[in-house]
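Numbers for residues simply follow the sequence, beginning at 1. On a predicted model such as this, the values are computed, not experimentally measured, just so you know.
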Amino acid sequence: MHTGVAATHTLVLGLGNILLTDDGVGIHVIKALSRLEDAGEIGHVVALRDGGTIGLALLSEIEEFGSLIVVDAMQLGETAGTVGTFQGPDMDRQLCGKKRSAHEVALADLMMAAQLAGFGPERRALVAIQPASTGWGLSLTDPVRQAVPEACRRVVSLLDGWDHDA
């Protein structure tokens with residue numbers, strides 16, 4: 001994983017608790033992206049971070065980057081393993097209203113704090129995966145495990161689009 005911020009402009013932040021089955025999918029996606037990056041298959045310089053169960057301590061992480069992609073388990077009202085992508089204002093709307101993720105309130109608070117501090121990322125996206133279970137367990141359920149490569153493709157697709165727009 002890249003640690004040098006000077007050479008990067010996008011933070012990819014995986015959220016979740018790996019002790020709660022599918023809730024940890026964001027962390028699993030970060031690990032898969034790290035393997036792709038190590039193999040030279042991403043084609044972008046990014047900072048990949050395990051954000052754990054989130055908190056305002058991540059505010060300084062967001063401040064360092066111009067773009068942000070968050071990967072998290074979220075109730076999408078779809079079948080388990082469905083991957084949704086929400087950019088900019090769509091991400092903001094997804095984080096408002098009815099709680100859909102164990103980290104949603106904290107993520108919404110984090111994004112609001114970044115906006116209030118004047119450094120909320122203009123380019124921001126949420127890659128959300130519908131969980132099957134968030135009970136105790138160390139492994140992802142089959143449909144969510146099978147969704148990890150698609151979530152990685154969505155992250156890379158966002159990066160491709162953002163680089164094209166730059």
Side-chain angles (χ1 to χ4, degrees), residues 1-34 37 42 44-78 82-131 134 144 147-148 151-152 154-166:
M1 282 187 238
H2 288 283
T3 56
V5 174
T8 64
H9 68 280
T10 301
L11 171 63
V12 182
L13 185 63
L15 302 181
N17 184 336
I18 60 169
L19 301 176
L20 299 176
T21 56
D22 295 341
D23 184 67
V25 70
I27 308 309
H28 290 277
V29 170
I30 291 298
K31 289 178 181 177
L33 286 168
S34 181
E37 181 183 47
I42 289 190
H44 302 275
V45 179
V46 297
L48 302 171
R49 299 282 195 272
D50 173 343
T53 55
I54 204 168
L56 289 177
L58 294 172
L59 195 57
S60 62
E61 290 272 340
I62 291 174
E63 183 177 17
E64 297 179 33
F65 299 90
S67 302
L68 172 69
I69 299 171
V70 178
V71 184
D72 196 7
M74 182 170 283
Q75 293 297 331
L76 301 172
E78 301 289 339
T82 299
V83 180
T85 305
F86 308 91
Q87 291 189 65
D90 289 337
M91 176 183 176
D92 302 340
R93 282 188 287 279
Q94 191 68 13
L95 295 177
C96 295
K98 185 178 177 186
K99 189 172 182 334
R100 295 179 182 96
S101 161
H103 320 109
E104 182 177 327
V105 172
L107 179 56
D109 290 343
L110 182 65
M111 297 306 295
M112 180 62 73
Q115 292 293 333
L116 290 172
F119 56 80
E122 186 173 323
R123 286 190 201 186
R124 61 197 178 282
L126 170 66
V127 175
I129 300 98
Q130 173 70 48
T134 55
V144 172
V148 169
C152 290
R154 300 278 182 106
V155 169
V156 172
S157 178
L158 286 163
L159 294 167
D160 288 345
W162 289 354
D163 277 357
H164 183 265
D165 292 345

Quiz item: When rounded to the nearest 0.5 angstrom, what distance separates CZ in Phe65 from CZ in Arg123?
Solution: 15.0 Å
Self-check item: Leu68/Met111 under side-chain contact (heavy atoms from CB on, under 4.5 Å): CA gap, chis, key distance, verdict
Solution: CA-CA 10 Å; Leu68 172 69; Met111 297 306 295; 3.7 Å; yes
Quiz item: If you round to the nearest 0.5 Å, how far is CD of Glu63 from CG of Leu11?
Solution: 12.5 Å
Quiz item: Heavy-atom distance under 4.5 Å between the side chains of Arg49 and Leu58, does that happen here?
Solution: no
Quiz item: Is there a side-chain contact between Lys31 and Asp50, using heavy atoms and a 4.5 Å cut-off?
Solution: no
Quiz prompt | Rounded distance (nearest 0.5 Å) linking atom NE2 of His9 with atom NE2 of His44 | solution = 8.0 Å
Exercise. Taking the side chain as every heavy atom from C-beta outward, state whether Thr10 and Leu158 have any pair of such atoms under 4.5 Å apart.
Key: no
Quiz item: Does Gln130 reach the main-chain N or O of Thr82 with its side chain, forming a donor-acceptor pair under 3.5 Å?
Solution: no
Practice problem: Give a yes or no on this: more than 12 heavy atoms of other residues, nucleotides or ligands lie within 6.0 Å of atom CD1 of Ile18. | Solution: no
Quiz item: Nearest heavy-atom pair of Ala151 and Val29: which atoms, and what distance?
Solution: CB-CG2, 3.8 Å
Quiz item: Side-chain contact, heavy-atom cut-off 4.5 Å: Leu95 with Leu107?
Solution: yes
Quiz item: Quick one: CG on Leu20 to CG on Asp22, what's the gap to the nearest 0.5 Å?
Solution: 10.0 Å
Quiz item: With Leu59, which residues qualify under side-chain contact (heavy atoms from CB on, under 4.5 Å), at least two apart?
Solution: Leu110, Ala113, Ala114, Phe119
Self-check item: Partner of Asp92 by side-chain hydrogen bond (donor to acceptor under 3.5 Å, both in side chains), out of Gln87, Arg124, Gln115
Solution: Arg124
Exercise. State which residue, out of Val148, Ile69, Val46, Ile42, fulfils the side chain to side chain contact (heavy atoms under 4.5 Å, CB included) condition with Leu33.
Key: Ile42
Practice problem: State, yes or no, whether a side-chain contact exists between Pro131 and Asp23 at a heavy-atom distance under 4.5 Å. | Solution: no
Exercise. With side-chain contact (heavy atoms from CB on, under 4.5 Å) as the test, would you mind laying out the steps for Leu13 and Glu61 before giving the verdict?
Key: CA-CA 9 Å; Leu13 185 63; Glu61 290 272 340; 5.9 Å; no
Self-check item: Pairwise distance CD1(Ile30) to SG(Cys152) - rounded to 0.5 angstrom
Solution: 8.5 Å
Quiz item: Does the side chain of Leu126 come within less than 4.5 Å of Met74's, by heavy atoms?
Solution: yes
Practice problem: Flag the pair Ile129 / Val71 as yes when at least one side-chain heavy-atom distance between them is below 4.5 Å, and no otherwise. | Solution: yes
